[in-house]
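What follows is one structure encoded as structure tokens, with my remarks underneath.
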Protein chains: 2
Amino acid sequence: MTNQLDTCFAALSDPTRRAVVERLVSGPATVSELHQTHDIALPTFLRHLKVLEASGLVRSAKKGRVRTCHIEAAPLMEIQGWLEWQRRVWDRRLDRLSALASDIERNTQ
Amino acid sequence: MTNQLDTCFAALSDPTRRAVVERLVSGPATVSELHQTHDIALPTFLRHLKVLEASGLVRSAKKGRVRTCHIEAAPLMEIQGWLEWQRRVWDRRLDRLSALASDIERNTQ
DNA sequence: GCAATACTTAGCACTATGACTAACCAACTT
DNA sequence: AAGTTGGTTAGTCATAGTGCTAAGTATTGC
């Protein structure tokens with residue numbers, strides 16, 4: 001069961017790939033444009049792009065000999081959703097704890 | 001430069017480890033409690049816990065022979081922050097695009 | 001003190017990841 | 001048509017990650 005969250009989190013665990021995402025949120029770019037700012041061999045960089053595509057975070061299309069990449073919002077939102085869920089549970093727990101604390105305070109007065 | 005984001009995203013890319021986080025947001029638990037619900041060998045499971053600790057997402061303390069784990073909110077918030085940042089840039093871009101679209105519409109009328 | 005409990009360490013196997021080079025293909029340019 | 005550009009494939013290497021078993025340590029309970 002290889003989840004979308006699995007591959008997305010994995011994709012974002014690499015600084016090169018996060019940099020690509022950071023670039024793509026402000027608009028599409030070609031492979032060479034993206035590659036320019038990274039000091040690694042092109043084939044290596046391409047593998048990073050493939051990881052991003054496999055995760056669904058990035059899509060691309062080839063026109064002539066140029067491949068243009070753009071970001072896909074949905075997977076990012078899925079991650080946000082997961083985090084939001086954790087935060088909610090966490091917050092509820094803190095609430096319970098502080099409620100408990102005031103209870104104790106009241107009873108000891 | 002091994003970033004906190006690197007290790008946190010990597011930690012969360014594994015379903016076993018995400019399950020641990022999901023469990024810990026609702027309160028601390030011991031190693032065996034956490035292990036119970038996972039069908040893997042204890043040493044293997046312990047390595048997952050170590051990955052979580054190394055990332056800063058989980059802290060633990062040993063009392064007697066029992067180790068109790070709890071979650072740390074800060075790293076989760078750092079991830080949320082990064083995502084939020086991407087979303088903001090992305091949204092701004094969409095705004096610019098739709099503004100451009102209405103400009104064109106106006107000019108062609 | 002002996003046994004059970006709760007981890008912990010060490011070591012092995014296998015797969016996956018991230019880097020490289022070399023060579024290749026396909027589409028523009030001149 | 002020949003060369004340049006933009007991307008791709010294939011193959012190698014080293015390291016890191018995930019699973020296991022077996023054996024060890026340190027508390028706790030009887």
Side-chain angles (χ1 to χ4, degrees), chain A residues 1-24 27-71 75, chain B residues 1-24 27-71 75:
Chain A
M1 185 187 80
T2 299
N3 200 315
Q4 169 121 318
L5 281 178
D6 286 24
T7 56
C8 284
F9 274 122
L12 294 175
S13 72
D14 183 278
T16 300
R17 291 193 294 256
R18 274 203 310 282
V20 169
V21 170
E22 288 167 12
R23 165 63 189 75
L24 288 180
T30 70
V31 169
S32 344
E33 277 167 5
L34 292 170
H35 176 229
Q36 267 181 11
T37 52
H38 297 277
D39 198 20
I40 61 178
L42 181 59
T44 306
F45 184 72
L46 223 97
R47 282 254 289 271
H48 282 298
L49 282 183
K50 280 207 179 131
V51 171
L52 285 166
E53 282 213 59
S55 77
L57 282 162
V58 165
R59 294 273 183 93
S60 74
K62 203 167 177 178
K63 196 169 188 181
R65 62 185 166 175
V66 177
R67 179 174 294 279
T68 303
C69 305
H70 64 93
I71 210 160
Chain B
M1 186 186 81
T2 299
N3 200 314
Q4 169 121 317
L5 281 177
D6 286 23
T7 57
C8 284
F9 274 122
L12 294 175
S13 73
D14 182 278
T16 299
R17 292 194 292 257
R18 273 202 313 281
V20 169
V21 170
E22 287 167 12
R23 166 63 189 73
L24 287 180
T30 70
V31 169
S32 343
E33 279 168 3
L34 292 170
H35 176 227
Q36 268 181 13
T37 51
H38 297 275
D39 198 21
I40 60 176
L42 181 59
T44 306
F45 183 72
L46 223 97
R47 282 252 289 272
H48 282 299
L49 283 182
K50 280 207 178 131
V51 172
L52 284 166
E53 282 213 58
S55 78
L57 282 162
V58 166
R59 293 272 183 94
S60 74
K62 203 168 178 178
K63 196 170 187 181
R65 64 186 163 175
V66 178
R67 179 174 294 278
T68 303
C69 305
H70 64 91
I71 209 160

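All heavy atoms count here, side chains included; hydrogens, waters and symmetry mates do not. Order of the sequence lines fixes the chain letters, A, B, ..., with proteins taken first and strands second; residue numbering starts at 1 for each chain. This is a predicted model, so every value here is computed, not measured.
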Exercise. For B:Ile40 and D:dT21, give me the distance from atom CD1 to atom C1', rounded to whole Å.
Key: 14 Å
Practice problem: Just jot down the side-chain hydrogen bond (donor to acceptor under 3.5 Å, both in side chains) partners of B:Arg17, sequence neighbours excluded, or say none. | Solution: B:His48
Practice problem: Take the protein atom CD of B:Gln36 and the nucleotide atom C1' of C:dT5, then report the distance between them rounded to whole Å. | Solution: 13 Å
Self-check item: OP1 or OP2 of C:dT8 under 4.0 Å from side-chain N/O of B:Lys62
Solution: yes
Quiz item: Listed by chain and number, what are the salt bridge (charged side-chain N to carboxylate O under 4.0 Å, His left out) partners of B:Arg18, not counting sequence neighbours?
Solution: A:Asp6
Practice problem: Rounded to the nearest 0.5 Å, what's the gap from OG1 on A:Thr7 to CG on A:Leu52? Could you check? | Solution: 10.0 Å
Practice problem: Please list, chain by chain and in numerical order, all residues satisfying side chain to side chain contact (heavy atoms under 4.5 Å, CB included) with A:Gln36, sequence neighbours excluded. | Solution: none
Quiz item: CG of A:Leu12 versus P of C:dG18: gap in Å, rounded?
Solution: 12 Å
Quiz item: If you check every side-chain atom of A:Arg17, which of C:dG18, C:dC20, D:dT8 has the closest atom?
Solution: C:dG18
Quiz item: OG1/B:Thr44 to NE2/B:His38 distance, rounded to the nearest 0.5 angstrom?
Solution: 12.5 Å
Quiz item: Looking at DNA chain C, which of residues 42-51 of chain A put a heavy atom within less than 4.0 Å of it?
Solution: A:Pro43, A:Thr44, A:Arg47, A:His48
Please list, pair by pair, any protein nitrogen or oxygen found under 3.5 Å from a nitrogen or oxygen in nucleotides 2-5 of chain D.
| unit_1 | atom_1 | unit_2 | atom_2 | d |
| --- | --- | --- | --- | --- |
| D:dT5 | O2 | A:Arg65 | NH1 | 2.5 |

Enumerate, atom names and distances included, each donor-acceptor pair closer than 3.5 Å involving a side-chain atom of residues 62-71 of chain B, sequence neighbours excluded.
| unit_1 | atom_1 | unit_2 | atom_2 | d |
| --- | --- | --- | --- | --- |
| B:Arg67 | NH1 | B:Ser60 | OG | 2.8 |

Quiz prompt | A:Leu12 and A:Leu57: CA distance, side-chain angles, deciding distance, side-chain contact (heavy atoms from CB on, under 4.5 Å) verdict | solution = CA-CA 9 Å; A:Leu12 294 175; A:Leu57 282 162; 3.9 Å; yes
Quiz item: Could you state the CG-P distance from B:Asp6 to D:dA16, rounded to the nearest angstrom?
Solution: 14 Å
Quiz item: Measuring from B:Leu34:CG to B:Phe45:CZ, what's the distance to the nearest 0.5 Å?
Solution: 5.0 Å
Quiz item: On DNA chain C, nearest-nucleotide positions of B:Glu33 versus A:Asp39: which is more 5'?
Solution: B:Glu33
Quiz item: Rounded to whole angstrom units, what separation is found between the CG atom of B:Asp14 and the C1' atom of D:dG17?
Solution: 10 Å
Practice problem: Over all heavy atoms of both residues, which pair between B:Ala10 and A:Ser13 is shortest? Give the atoms and the distance, please. | Solution: N-CB, 3.4 Å
